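Worth saying up front: this structure is predicted, and the values here are computed from it rather than measured. Computation of the quantities below employed the complete heavy-atom set of this structure, encompassing side-chain atoms and omitting hydrogens, waters and symmetry-equivalent molecules.
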Amino acid sequence: MRKIVALPVLSADALSSVAYGPEALLAVLVLGGTAGLGYSVPVSLAIVFLMLAVGLSYRQTIRAYPHGGGSYIVATDNLGRVPGLMAAAGLMTDYILTVAVSVSSGMAAVTSALPQLADDVVLIGVLVIAVLLAGNLRGVRQAGALFAAPTYAFIIAILALVGAGVYEAAGRGFEPLPTPPLHATESVGLLLVMRAFASGSTAMTGIEAISNAVPAFRPVAWRNARTTLSWMIGLLITLFAGTVAMVYLEGVVPRSQETVLSQLAHHSFGSGGMYVFTQAATALVLLLAANTAYNDFPRVLFLLARDSQAPRIFLRLGDRLAFSNGIIVLSVAAAVVYVAFDGRTATLIPLYAVGVFLAFTLSQSGMVVHWWRRRDRHWRKSLCFNATGALLSAVVFITAGITKFTEGAWLAILAVAGFLLVTTRIRRHYDMVRRALRLRPQMIEIPSRTISPRPGAHAPAEPTPRVPSTPSVPPVPSGGDRDSESEDTPEEIRHLSLVPIDALHQASMRALAYAASLQQPVLVLHVSPSDEDAERFRESWHLWGDHLPLRIVISPYRAVVAPLISYIESLHRQRPDLTITVILPEIVVRHRWHRVLHSHLAGRLRRALRPLPKIVVTTVPFHVHDGGR
């Protein structure tokens, strides 16, 4: 992406938080009455310093991880598996709440302009999440001017609002307008101020988005990403500080019926076209911010599944090349949270801060370890930046966890603990299965002769890389019906056994042995995500299974079912006289909940191939029990 496009697309989450971050800060301070609101400026300055420190920290992350370094990757590489899982838990909590908070804040912007919709915010918000789900399942991606426009419109609207407010304040000598009469419900003290600081710090959500997406930039990618991050931090500080300054000068206080931004827009623009533009831009950028989570949440689940710490169904791409399972999980979780908290932003914010700053803290702590180990050029300066970011993020995390514990932070902390428990047990199960499946010398008896698909069947030519080719086989004997299933005796049935395998292990070798034992032509099929992975598989194949013919299909988007179906359908079209038996290894586990951790490829193939005649799908079970085979 060009920087002019990357800036609004990757900054939507961070910049849109200006719509709720300052209001979350004020909603806490107003509990202390007029005296509490007096702390709005110093607390905001502390948050601005935090933004600058964390932004500079992520510039170092981009330099160290030019191929993309999210919190999970950085924490795992430098701190270990458990801290990496904690960072992933924080990130996933962040992404779920990004959708819920962005939708709730967007609905608040809409209902501020259209109060008659206030009673239907929960229903409308759920419908918005459903639209986001449908769009992302269809492969809609944020790119280009279409998705850049809402962010630029929001930036223009807030800058215009601040500019108009400053001009008006200058006319009265920057004298703040008096606030409405306020009655304190809490005493003003350190606890109240720290709660306000933690709430206002949610304006920093989304800062790490650019460090995750470094490969998406044009060359030199890491340099362009750092420049874009600097622009984002500058804009975020300007919009945040400008909004808080206008709140202070205009004497605005939070109200349940109207957002702070709406009140400021009314003061600066009245109820005309610019007010409508500001509210529309706010709602649209918040919708775009919600959509950014649909790119990042499934990616984190993919990384966890790749490391055997989440079910492997999250490795799977859908028909539209989107991680559809991760998208569905995100939508369901966000909708549940949104409904449970009645679509109110103020009640969601306490949950938000915990996940965000847990991920920030672990990521920046990981970078401190990274620089200490590497000690390359400028490592002391980089370590200092990251140590400052880690320390300040930890302060916000601890503050949010303590001061907002009873307001909902306990739920986020419990979710992180539950996530650690579940992912650790998943990893333990996969490790046990891996041990049970490991190949050992003399464990599998290799057939004494090569079993070829000829002459009883002709195997298709190996597909060209990345695109499965049409099999090249001799023509069908004349006089036969291409789709006939009229064989009356066993002697009339001509077989080909097709064995798809993902890796060489005991389960796949048992399926191969079973296919070979039928004394019919056998063809082995492997789907590989890249040429490098295909070459590694060939090396293993020459060691363990070179007695059978092998075909490899390259599927660069990690799709498995579609290439398999395409290959089988192509083979069937070329040789309709063959009865093709697809033999799949199946891992059978003892406990019911373990079943979701393993592939259900056989059922999916049966459903897809059912319309084709003379296709048989069968499985060869391999039973895995606790403690081994």
> Within a 6.0 Å radius of atom CZ on Arg425, are there more than 12 heavy atoms belonging to other residues, nucleotides or ligands?
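12 or below, so no.
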> Answer yes if the side chains of Thr345 and Ser104 hold a donor-acceptor pair under 3.5 Å, and no otherwise.
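Yes, because at least one side-chain N or O of Thr345 sits under 3.5 Å from a partner of the opposite role on Ser104.
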> Can you find a pair of side-chain heavy atoms, one from Met367 and one from Ser57, that are under 4.5 Å apart?
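No, side chains not in contact.
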> Please list, chain by chain and in numerical order, all residues satisfying ring pair (Phe, Tyr, Trp, His ring centres under 6.0 Å) with His598, sequence neighbours excluded.
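Per chain and number, His598 pairs via ring pair (Phe, Tyr, Trp, His ring centres under 6.0 Å) with His429, Tyr430.
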> Salt bridge (Lys or Arg N to Asp or Glu O under 4.0 Å) with Arg427: which residues, sequence neighbours excluded?
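Checked Arg427 against salt bridge (Lys or Arg N to Asp or Glu O under 4.0 Å); matches are Asp431.
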> Under a plain distance cut-off of 3.5 Å, with no hydrogens placed, do Ser530 and Asp533 share a side-chain donor-acceptor pair?
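A pair is found: one side chain offers a donor N or O, the other an acceptor, under 3.5 Å apart.
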> Less than 4.5 Å apart, side chain to side chain, heavy atoms only: is that true for Leu264 and Thr243?
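Yes, close enough: below the 4.5 Å cut-off.
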> Walk me through whether Phe154 and Leu284 qualify under side-chain contact (heavy atoms from CB on, under 4.5 Å).
CA-CA 8 Å; Phe154 180 72; Leu284 286 173; over 6 Å; no
> Could you tell me whether the side chain of Tyr65 reaches within less than 4.5 Å of the side chain of His370, counting heavy atoms only?
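A side-chain contact under 4.5 Å exists here.
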> Any idea which heavy atoms bring Gly106 and Ala283 closest together, and the distance?
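Minimum heavy-atom separation between Gly106 and Ala283: O-CB, 4.2 Å.
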> At their closest point, which heavy atom of Thr151 faces which heavy atom of Ala12, and how far apart are they?
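Where Thr151 meets Ala12 most closely, the heavy atoms are OG1-CB, 3.7 Å.
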> Do Asp296 and Asn212 meet the criterion of a side-chain donor-acceptor pair at a distance under 3.5 Å?
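No, no side-chain donor-acceptor contact under 3.5 Å.
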> When rounded to the nearest 0.5 angstrom, what distance separates CD1 in Ile554 from CG in Asp531?
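CG of Asp531 is found 5.0 Å from CD1 of Ile554.
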> When you check the side-chain N and O atoms of Tyr352 and Thr98, is any donor under 3.5 Å from an acceptor?
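Yes, Thr98 and Tyr352 have a side-chain donor paired with an acceptor closer than 3.5 Å.
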> Just by distance, with hydrogens left out, do Thr399 and Lys404 show a side-chain donor and acceptor under 3.5 Å apart?
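Note: Thr399 and Lys404 side chains miss the donor-acceptor criterion.
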> Taking atom types as modelled and ignoring hydrogens, do the side chains of Tyr20 and Thr259 form a donor-acceptor contact shorter than 3.5 angstrom?
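Absent: no donor and acceptor within the cut-off.
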> Identify the two heavy atoms, one from Ala290 and one from Leu132, that lie closest to each other, and give their separation to 0.1 Å.
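Smallest heavy-atom distance, with atoms named: CB-CD1, 3.9 Å.
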> Just do the side-chain hydrogen bond (donor to acceptor under 3.5 Å, both in side chains) check on Ser363 and Tyr72 with the steps written out, would you?
CA-CA 7 Å; Ser363 175; Tyr72 171 69; over 6 Å; no
> Could you check whether any side-chain N or O of Asp94 sits under 3.5 Å from a backbone N or O of Val356, counting only pairs where one atom can act as donor and the other as acceptor?
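Such a contact is absent between Asp94 side chain and Val356 backbone.
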> Assess whether side-chain contact (heavy atoms from CB on, under 4.5 Å) is satisfied between Val329 and Phe314, documenting all intermediate values.
CA-CA 10 Å; Val329 169; Phe314 295 117; 3.8 Å; yes
> Regarding Ser71 and Glu208, do their side chains bring together a donor and an acceptor under 3.5 Å, going by distance alone?
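Short answer, yes.
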> If you count every heavy atom of other residues, nucleotides or ligands that lies below 6.0 Å from Leu117 atom CG, does the total exceed 12?
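Atom CG in Leu117 is crowded, with more than 12 foreign heavy atoms closer than 6.0 Å.
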> Starting at CG of Asn136, measure out to CG of Asn291 and round the result to the nearest 0.5 Å.
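Result: 4.5 Å between the selected atoms.
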> When rounded to the nearest 0.5 angstrom, what is the spacing between CZ in Phe297 and CE in Met92?
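Rounded to the nearest 0.5 Å, the CZ-CE separation comes to 3.5 Å.
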> Say whether Gln60 and Asn386, considering side chains only, have a donor N or O and an acceptor N or O under 3.5 Å apart.
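Note: Gln60 and Asn386 side chains miss the donor-acceptor criterion.
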> For residues Ile313 and Val596, report the shortest heavy-atom separation together with the two atoms involved.
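Between these two residues, the closest heavy atoms are CG2-O, 4.3 Å.
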> Any idea which heavy atoms bring Thr61 and Val74 closest together, and the distance?
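Scanning both residues completely, I find the closest heavy atoms to be CG2-CG2, 4.1 Å.
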> Between atom CG of Asp502 and atom NE2 of His526, what is the distance when rounded to the nearest 0.5 Å?
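Asp502 atom CG to His526 atom NE2 measures 7.5 Å (nearest 0.5 Å).
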> How far apart are the C-alpha atoms of Thr347 and Asp342, what are their side-chain angles, what is the distance that settles it, and do they pass the side-chain contact (heavy atoms from CB on, under 4.5 Å) test?
CA-CA 9 Å; Thr347 58; Asp342 294 325; over 6 Å; no
> Closer than 3.5 angstrom, by distance alone: can the side chain of Gln279 be matched with the main-chain N or O of Ala109 as a donor-acceptor pair?
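Checked: pair present.
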> Apply the side-chain contact (heavy atoms from CB on, under 4.5 Å) test between Leu362 and each candidate in Leu79, Thr76, Asn78; give the one that qualifies.
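Among Leu79, Thr76, Asn78, the one that satisfies the side-chain contact (heavy atoms from CB on, under 4.5 Å) with Leu362 is Leu79.
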> Determine the minimum heavy-atom distance between Ser324 and Leu137, stating which atoms define it.
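Shortest heavy-atom separation between Ser324 and Leu137 comes out as CB-CD2, 3.6 Å.
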> Could you go through Ile426 and Leu597, starting from their C-alpha distance and side-chain angles, then the distance that decides it, and tell me whether this counts as side-chain contact (heavy atoms from CB on, under 4.5 Å)?
CA-CA 8 Å; Ile426 289 173; Leu597 303 179; 4.1 Å; yes
> Are side-chain heavy atoms of Leu288 and Ser16 found at a separation under 4.5 Å?
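SC-SC contact between Leu288 and Ser16 ruled out.
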> I'd like to know if the side chain of Ser528 and the backbone of Ala534 have a donor-acceptor N/O pair within less than 3.5 Å.
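Such a contact is found between Ser528 side chain and Ala534 backbone.
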> Taking Ser112 for the side chain and Ala108 for the main chain, is one N or O donor matched with an acceptor at less than 3.5 Å?
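At least one qualifying donor-acceptor pair exists.
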> Find out whether Met204 and Ser17 are in side-chain contact, i.e. whether some heavy atom of one side chain is under 4.5 Å from a heavy atom of the other.
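Heavy-atom side-chain distance check fails, nothing below 4.5 Å.
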> Measure the shortest side-chain to side-chain distance between Leu229 and Ser211 over non-hydrogen atoms and say whether it is less than 4.5 angstrom.
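Side-chain contact under 4.5 Å: no.
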> Look only at the side chain of Ser105 and the backbone of Ser102, and say whether a donor-acceptor pair between them is shorter than 3.5 Å.
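Judged by distance alone, no pair lies under 3.5 Å.
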> Measure the CD1-CZ distance between Ile73 and Arg299 for me, rounded to the nearest 0.5 Å.
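So the CD1 of Ile73 and the CZ of Arg299 are separated by 5.0 Å.
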> If we ignore angles and hydrogens, is there a donor and acceptor under 3.5 Å between the side chains of Ser308 and Arg434?
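There is such a pair (donor and acceptor under 3.5 Å, judged by atom type) between the side chains of Ser308 and Arg434.
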> Just wondering, do Leu50 and Ser201 contact through their side chains at under 4.5 Å, heavy atoms?
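Touching, per the 4.5 Å side-chain cut-off.
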> Can you tell me how far the CZ atom of Arg607 sits from the CD1 atom of Ile565, to the nearest 0.5 Å?
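These two atoms lie 10.0 Å from each other.
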> Are there more than 12 heavy atoms of other residues, nucleotides or ligands under 6.0 Å from atom CZ of Arg2?
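No.
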> Is the side chain of Thr202 donor-acceptor paired with the backbone N or O of Ser199 at a distance under 3.5 Å, no angle test?
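Side chain of Thr202 to backbone of Ser199: a pair is present.
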> Are any non-hydrogen side-chain atoms of Val337 and Leu348 less than 4.5 angstrom apart?
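Yes, close enough: below the 4.5 Å cut-off.
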